[in-house]
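Reviewing the structure listed below.
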Amino acid sequence: MEPFQSHRGVIATLDRANVDTDQIIPKQFLKSIERTGFGENLFFDWRYGEDGKPNPDFELNQDHFNGASILITRNNFGCGSSREHAVWAVRQYGFKAIIAPWQERDGTHVPAFADIFRNNAVKNGVLTIELTESEVEEIFEMVARFKRLEATIDLEEQRVTLHLDEEISFHFDIDPVVKDHLQRGLDDIALTLEYERDITDFETRHDIQMPGGAPA
Amino acid sequence: MAAQTLFEKIWNRHLVKTMADGTALLYIDRHLVHEVTSPQAFEGLRLTGRTVRRPDLSFATMDHNVPTTEDRLTIRDPISKAQVEALRQNCKEFGITLYDLGSDEQGIVHMIGPELGITVPGLTMVCGDSHTSTHGAFGTLAFGIGTSEVEHVLATQTLRQSRPKTFKVEFTGRLKPGSTSKDMVLKLIGLIGTAGGTGYVIEYCGEAVRGLSMEARMTICNMSIEGGARAGMIAPDENTFEYIASGNRPFAPTGEALERAIAYWKTLPTDPEASFDRTLTIEADTIAPQITWGTSPGMVVDVTGHVPEPDQVPGYSRKDVEQALSYMGLTPGTPMTDIRPDTVFLGSCTNSRMEDLRRAAAIFKGRKKADSVRLIVVPGSQRVRRQAEAEGLDRIFKEAGGEWRYAGCSMCLGMNPDQLKPQERCASTSNRNFEGRQGKGGRTHLVSPEMAAAAAVEGHFVDIRNWS
């Protein structure tokens, strides 16, 4: 996996909440046994009309979003199905980072991204960034005002900077484990296999019928 | 030892190692595999020259894209066929047990785990499918993973995980007749929102949960993911043990081994003094039958309710609601019971077990579906299909004018030929009402099996509590 250090690119907006993985990559594209070829079908049902031509009303089809590599959207992005095809599609389309707002509801922190999607993103080198609702709103407004607005995402500094005449930047929090993983572009399986002896030891004392119970 | 929750007991007993950075390396006891999310994982193993560490702990079947019609063994779609062939080949190459299309035990992966005794209490279980949370009904930690993690489990029998938070949801009192466990979980999602459970493992407890059968418990745990939760769990009890001991479950312990196992499983429930990161109490006796009106499972109301005004839905912006209503072709203020489905789908890993089919059949007995409605009944597994036929339920569905199918995911996600047409409206016992989920442009209303059956008979939704 390609390490993620910092990235500068055009920001595109998708002004919808609860974008589910069925919308990100519809069912008919899950039949593939390959890991590639998903980018052209990202957001297929929204993106193309009945005639197969790009739907001019869909945000990402606007010319000024061509080549965008940072997506900003609303809360609970990637909910629903566990399909990693959704992340493959996002990545293969060209997005390296997605920004969405966390929310507060009933006094609790509601994450911006669905759990499985976020995990899948990390495995594919896609950075998911949580900002506050007002910060996300501000970026939406700036993207609407300044066509082809670019941002730089500095993972080490945990900072998103909008390249305006007067730069605006936002700090984001990130799980240090995820940060390290992305920065180094690590292969999880190779890392885990370094603990093979621990796994084998565990298996010798672990009763697979009564896991955690006293061995028979 | 400090008081622990059910989740904590299982988590702690599966920790192979805690890494320097705090990540847990968690041992995985059972891994379920299906055709859609596994081919790239097996391919990854081949590319890196790795193998499957414990082929005896992975179990595969075909469910997502298989046809459910009489001629299902001949898959006409060449891409679906290639995917099914790939699973056959991968299971053969790596020595994994496969319940192939045409096998007596084929079915939706979350149906066959419990049926075959693969699912028992106290396990860690994963599958490349978000509805893996279903198995939590047995007091097991079960959750969905992506394909990279499927490959990780195949290669190492472990997963690298950060520890989720715990969320206790207590259902006090008893359900009133006409309301079901489907309504309990839809009510919960309506309250907390579709991201309200993100980052948590939910434990469902309380009198109403204890009073549920294993099948009804599976329905609740199944939809935990629709509330964003990583997993849902219910402490094992006599219902659990009886389910495991009954029927033909070749992977479950029997005899003395079962007795020992039960003694152990009895130690799993949450200790009285244990604490949760978050708690919520819902009075089960106030839960009415639920119907979704929108394109997110949290867009749900009581059957006595109306399609809402765009600015009156907690947790959704005006724009979210307007988009949903436009897609669904609904006008605010419409009574839910005025909505007329074109199709009624009885099936999916949420509601296609024997109890679901029996309850739906009780409604269809001696009745016909409305002429305007297409009725499709898809048993979740071939085992359920055989049992339903032995009880004569298939005849009731057919005499009511319905189609009686073979096992598979079918119209829950429309990967096979069972799909809605654009703007076709469906009363569905499945789990997701997302845009296009059941077919591009299709409009889904999530309901319980009895609410779906009654809607098929009347041609519009009814309040099952005062319908006869």
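On a predicted model such as this, the values are computed, not experimentally measured, just so you know. The figures here come from the full heavy-atom set of this structure, side chains too, leaving out hydrogens, waters and symmetry mates. Throughout, protein chains are lettered first and strands after them, A, B, ... in sequence-line order, and every chain is numbered starting at 1.
- A cation-pi geometry, defined here as NZ or CZ lying under 6.0 Å from the six-membered ring centre and within 45° of its normal, holds between B:Arg278 and B:Phe167.
- Only the side chain of A:Asp106 has a heavy atom closer than 4.5 Å to any heavy atom of chain B.
- Against chain B, the residues from residues 36-43 of chain A that qualify, each with a non-hydrogen atom under 4.5 angstrom away, are A:Phe38 in number order.
- Between A:Phe95 and A:Tyr93, the two ring planes are parallel [angle under 30°; tilted spans 30° to 60°].
- Interface remark: A:Glu50 contributes side-chain atoms only to the contact with chain B (heavy atom separation under 4.5 Å).
- Using a 3.5 Å distance cut-off with no hydrogens or angles, the side chains of B:Ser148 and A:Glu84 do pair a donor with an acceptor.
- In this structure, the portions of B:Asp29 lying under 4.5 Å from any heavy atom of chain A include both its backbone and its side chain.
- With a threshold of 4.5 angstrom between heavy atoms, B:Gln438 approaches chain A through N, CA, C or O but not through any side-chain atom.
- For A:Arg74 and A:Phe140, the positive end sits near the middle of the six-membered ring, less than 6.0 Å away and at most 45° from its axis.
- When heavy atoms are compared at a cutoff of 4.5 Å, B:Glu43 does not approach chain A at all.
- At a 4.5 Å heavy-atom cutoff, A:Asp201 makes no contact with chain B through either its backbone or its side chain.
- Using a 4.5 Å cut-off between heavy atoms, B:Asp56 makes no contact with chain A at all.
- B:Leu413 touches chain A through backbone and side chain together, each having a heavy atom under 4.5 Å away.
- Proximity to chain B is limited to the side chain of A:His85, based on heavy atoms less than 4.5 angstrom apart.
- Of the two parts of B:Phe251, only the backbone, made up of N, CA, C and O, holds a non-hydrogen atom closer than 4.5 Å to a non-hydrogen atom of chain A.
- Proximity to chain B involves both the backbone and the side chain of A:Asp188, based on heavy atoms less than 4.5 angstrom apart.
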